[in-house]
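For the single chain, residues carry numbers from 1 onward in sequence order.
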Amino acid sequence: MARALELARRGLYTATPNPRVGCVLVRDGAVVGEGWHERAGEPHAEVHALREAGDRARGATVYVTLEPCAHQGRTPPCCEALIAAGVSRVIAAMQDPNPLVAGKGLGLLRASNVAVDTGVMEPAARELNIGFVSRMTRGRPWVRLKVAASLDGKTALLNGQSRWITGAEARRDGHAWRAQACAILTGIGTVKDDNPLLTVRDVETTRQPLRVVVDSRLETLPEAKVVGAGTLIAGAEYRAERAQALEARGAEIMVLPNVKGKVELADLMLELGRRGINELHVEAGHKLNGSLLNEGLVDELLIYLAPSVIGDAAQGMFHLPELKALPERPTLDIVDVRQIGPDIRIMARVAPV
């Protein structure tokens, strides 16, 4: 199963919106076939492994990181292929959270006299597909919010200048997380201050994530670097002249207002989930960061701390309402701390309320 997970990770940047899946076939103590799912519409991991195994698949044990599918999607059901190949046993790391599968694949295998086991290295398998699990169970993506800050928690000068607080190694690491995501989200403040591309550049990738801008009044200029095909701008109202100028550059406009005349962020997350976004990578300013955190829409923080201090006048990480008592503060579970070049990277998950 560890080998199957290693294979699954090869689809880290490409499998979206599908889950990352790896498969290993073993017969008489020897590996006879391996495979992994690269991208949607192409053969699943089980099919690749079966093709490599050929006739040696008969009587083999299948180690797969996710329950084999039992429904017709862009490709035929993997369960039927496994049954037709004559495998004797299937060991799945976890059940598929997709309601179209959700135990049906394992049930079909059992009904065809194939021995089935689940739960082997399940935490690692679930972690690998944390965004897919989120979308299937909550209807919205796993939201990972990235912050680059000084040691005193400042992300930009008062005038908005932020390039560069952290070093090149941290920025390259951040691009790897961009590449893993299905979409990258920012706010109009960052677009105005930094004019970012929001693309993956520092690591090799064959796919660019969807770019999403939260811009209530459609203030994004058509010539902004972020605007183009593969850009979604979420506004609170459709301002025809501004919207049409952005659409002429290839951007898509979506209107999701709330009662305050801002973008309804929870609705945006659900819409991204409907569009197949598993992991959402946020690179925004302190205002949007604070709104997302305050509304309970952040799952994980990816914080890079530089060995420098900027001072009180600068912008912080999160603009949040004033707390009246410390127990009201959001709490985090730190899951990883490591040094990236001269900077420190902290990964923390928002603790359940």
Practice item. Show the numbers, then the answer: is there a side-chain contact (heavy atoms from CB on, under 4.5 Å) between Val212 and Ile184? Key: CA-CA 6 Å; Val212 184; Ile184 304 170; over 6 Å; no

Would the distance check show the side chain of [X] and the main-chain N or O of [Y] forming a donor-acceptor pair, the cut-off being under 3.5 Å?
| X | Y | answer |
| --- | --- | --- |
| Lys146 | Tyr304 | no |
| Arg56 | Ala53 | yes |
| Gln208 | Val200 | yes |
| Ser150 | Lys154 | yes |
| Arg171 | Thr166 | yes |
| Arg27 | Arg58 | yes |
| Ser88 | Gly59 | yes |
| Glu67 | Gly103 | yes |
| Asp194 | Pro196 | no |
| Thr186 | Glu283 | yes |

For [X], is the [atom1] atom crowded, meaning more than 12 foreign heavy atoms sit under 6.0 Å from it?
| X | atom1 | value |
| --- | --- | --- |
| Asp55 | CG | no |
| Asn159 | CG | yes |
| Arg217 | CZ | no |

To the nearest 0.5 Å, how far apart are [atom1] in [X] and [atom2] in [Y]?
| X | Y | atom1 | atom2 | answer |
| --- | --- | --- | --- | --- |
| Leu210 | Glu252 | CG | CD | 8.0 Å |
| Leu221 | Leu246 | CG | CG | 8.5 Å |
| Leu288 | Phe318 | CG | CZ | 10.5 Å |
| Ile340 | Asp173 | CD1 | CG | 4.5 Å |
| Ile346 | Leu302 | CD1 | CG | 10.0 Å |
| Ser134 | Asn129 | OG | CG | 11.5 Å |

Lys/Arg-Asp/Glu bridge criterion (N-O < 4.0 Å) met for [X], [Y]:
| X | Y | value |
| --- | --- | --- |
| Arg345 | Asp343 | no |
| Arg140 | Asp299 | yes |
| Arg172 | Glu169 | no |
| Glu328 | Lys324 | no |

Point to revise | Those residues that, when tested against His37, pass ring pair (Phe, Tyr, Trp, His ring centres under 6.0 Å) (two or more places apart) | key: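 With neighbours one apart ignored, the set is His44.
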
Can you name the closest pair of heavy atoms from [X] and [Y] and give their distance?
| X | Y | result |
| --- | --- | --- |
| Arg201 | His175 | N-ND1, 3.0 Å |
| Gln315 | Leu158 | NE2-O, 3.7 Å |
| Ala251 | Val227 | CB-CG1, 4.1 Å |
| Gly261 | Ser216 | O-CB, 4.0 Å |

Check your understanding: Cluster question for you: counting only ILVMFWY and a side-chain heavy-atom cut-off of under 4.5 Å, with indirect links fine, are Leu265 and Ile253 together?
Key ->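 Different clusters: Leu265 never reaches Ile253 through Ile, Leu, Val, Met, Phe, Trp or Tyr contacts under 4.5 Å.
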
**Study point:** Test log, rule side-chain contact (heavy atoms from CB on, under 4.5 Å), inputs Leu145 and Leu293
**Key:** CA-CA 9 Å; Leu145 193 154; Leu293 186 64; 5.7 Å; no

Review point. Can you check whether Thr65 reaches Trp36 side chain to side chain, under 4.5 Å on heavy atoms?
Key: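 No; the side chains remain at least 4.5 Å from each other.
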
Point to revise | salt bridge (Lys or Arg N to Asp or Glu O under 4.0 Å), paired with Glu279, selected from Arg178, Arg144, Arg135 | key: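 By the salt bridge (Lys or Arg N to Asp or Glu O under 4.0 Å) criterion, Glu279 pairs with just one of Arg178, Arg144, Arg135: Arg144.
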
Please tabulate, one pair per line, all N/O donor-acceptor pairs under 3.5 Å involving side-chain atoms of residues 8-17, not counting sequence neighbours.
| unit_1 | atom_1 | unit_2 | atom_2 | d |
| --- | --- | --- | --- | --- |
| Thr14 | OG1 | Glu38 | O | 2.6 |

Tell me which donor-acceptor pairs under 3.5 Å the side chains of residues 231-241 have, and how far apart each pair is, sequence neighbours excluded?
| unit_1 | atom_1 | unit_2 | atom_2 | d |
| --- | --- | --- | --- | --- |
| Thr231 | OG1 | Arg211 | NH2 | 3.3 |
| Thr231 | OG1 | Val226 | O | 2.6 |
| Thr231 | OG1 | Gly228 | N | 3.3 |
| Thr231 | OG1 | Gly228 | O | 3.1 |
| Glu237 | OE2 | Arg239 | NE | 3.4 |
| Glu237 | OE2 | Arg239 | NH2 | 3.2 |
| Tyr238 | OH | Glu247 | OE1 | 3.1 |
| Tyr238 | OH | Glu247 | OE2 | 3.4 |

Review point. Are Val62 and Ile91 close enough, and set up right, to give a side-chain contact (heavy atoms from CB on, under 4.5 Å), and what steps lead you there?
Key: CA-CA 6 Å; Val62 180; Ile91 302 173; over 6 Å; no

